[in-house]
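Reading through the structure tokens given below for one structure.
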Amino acid sequence: MPIFALGIMFLNKIGIPIYIEKWGVFSPYSLLYNYIFFAFGYLISCNKKLLNSIIQTNSGIYIILIVSAVLTYNFLGEGFISSITKEYLYTLSQWFAIALCFKVFKMAFSKQSSIMSKLSEASYSVYLFHYLILMLIADFIIDFNPNAYIGFSVLVVFTALISYAAHKIFIEKNEMLKFIFNGK
């Protein structure tokens, strides 16, 4: 998977303009870079053995590999080979962090709970609406010029609460919206 990031860099080096913005909305780079994560998600949803091997790997191994990649990244100098190695290590640490997230989520959320069921049912509508809500709240609180930590905390808490409330008030109570936004 980290080789994919190097392939994207190679496309730019040979003159394919992947870093330009198209219509002010996206760049080919962002599509290519993020595509691999969607492909990986599809792969592990189809291949339970792969998912189980990720989950069964010791968490300490992932942590050691992430820390090693980050430390090595920070000790590298400048130059062509260093930039390739840095990109590889950066992407490698992302993949190990993703694997660690799968492991932690399996450990933390594999048991049935009513809270997790409710959050699971609301997850898609929260995902769809959270960005708009986040922007509205951020636009409001930026005028108060809060401390960064306070502003971030307020933004996270209120975005989560309002997004979930929007699901409960609008989506869950309307059969048509429930079908459109959650497929049920």
Side-chain angles (χ1 to χ4, degrees), residues 1-111 113 116 119-120 122-124 126-135 138 148-149 151-153 155-157 159-160 163:
M1 305 279 182
I3 299 295
F4 193 78
L6 295 179
I8 294 171
M9 287 176 63
F10 177 73
L11 290 175
N12 190 54
K13 288 288 182 194
I14 62 172
I16 297 173
I18 62 170
Y19 292 105
I20 59 170
E21 251 187 45
K22 298 289 185 184
W23 307 290
V25 178
F26 70 93
S27 69
Y29 168 79
S30 63
L31 288 177
L32 288 171
Y33 187 83
N34 292 310
Y35 169 76
I36 193 69
F37 295 104
F38 291 106
F40 179 72
Y42 179 73
L43 176 67
I44 62 169
S45 73
C46 294
N47 188 338
K48 297 299 178 193
K49 280 185 181 179
L50 177 60
L51 178 59
N52 287 332
S53 70
I54 290 169
I55 291 169
Q56 291 170 354
T57 302
N58 187 322
S59 301
I61 292 172
Y62 291 134
I63 293 168
I64 289 168
L65 292 170
I66 292 168
V67 170
S68 299
V70 170
L71 290 175
T72 305
Y73 178 96
N74 289 323
F75 286 119
L76 291 173
E78 301 299 318
F80 180 70
I81 298 298
S82 287
S83 68
I84 290 173
T85 307
K86 281 182 173 183
E87 181 65 27
Y88 183 80
L89 290 171
Y90 173 76
T91 309
L92 193 62
S93 64
Q94 282 182 327
W95 284 105
F96 288 136
I98 289 168
L100 183 60
C101 284
F102 275 103
K103 171 92 176 169
V104 169
F105 270 76
K106 177 68 174 176
M107 288 170 29
F109 303 117
S110 61
K111 293 178 179 64
S113 98
M116 291 312 294
L119 290 176
S120 175
S123 64
Y124 192 59
V126 167
Y127 165 73
L128 290 174
F129 294 113
H130 87 279
Y131 189 72
L132 173 65
I133 293 166
L134 176 101
M135 290 297 112
Y149 297 111
F152 176 77
S153 300
L155 208 54
V156 168
V157 169
T159 299
S163 298

Look up atom [atom1] in [X] and atom [atom2] in [Y], then write down how far apart they are to the nearest 0.5 Å.
X	Y	atom1	atom2	value
Leu51	Gln56	CG	CD	9.5 Å
Thr91	Phe96	OG1	CZ	11.5 Å
Leu134	Leu155	CG	CG	4.5 Å
Leu119	Ser113	CG	OG	8.0 Å
Ile61	Lys103	CD1	NZ	9.0 Å
Ser123	Met116	OG	CE	9.5 Å

Check for a donor-acceptor pair, side chain of [X] on one end and backbone N or O of [Y] on the other, with a separation under 3.5 Å.
X	Y	answer
Asn47	Leu43	no
Thr72	Ala69	no
Ser93	Tyr90	yes

Test item: [X] and [Y] side chains (from C-beta on) under 4.5 Å apart, heavy atoms:
X	Y	result
Ser53	Leu50	yes
Phe80	Ile84	yes
Glu78	Lys86	yes

### Message
Show the nearest heavy-atom pair for residues Leu100 and Ser59, with the distance to one decimal.
### Response
CD1-CB, 3.9 Å
### Task
Grab the two heavy atoms, one from Asn58 and one from Gly60, that are nearest each other, plus how far apart they are.
OD1-N, 2.7 Å
### Ile133 and His130: CA distance, side-chain angles, deciding distance, side chain to side chain contact (heavy atoms under 4.5 Å, CB included) verdict
CA-CA 5 Å; Ile133 293 166; His130 87 279; 5.6 Å; no
My understanding is that only residues two or more places apart in sequence, or in another chain, count here; which of them pass ring pair (Phe, Tyr, Trp, His ring centres under 6.0 Å) with [X]?
X	result
Phe129	Phe181
Phe152	none
Tyr124	none

### Message
With a 6.0 Å cut-off (strictly less than), is the heavy-atom count around CZ of Phe37, excluding the residue itself, greater than 12?
### Response
yes
### Task
Establish, yes or no, whether a centroid distance under 6.0 Å links the rings of Tyr62 and Trp95.
no
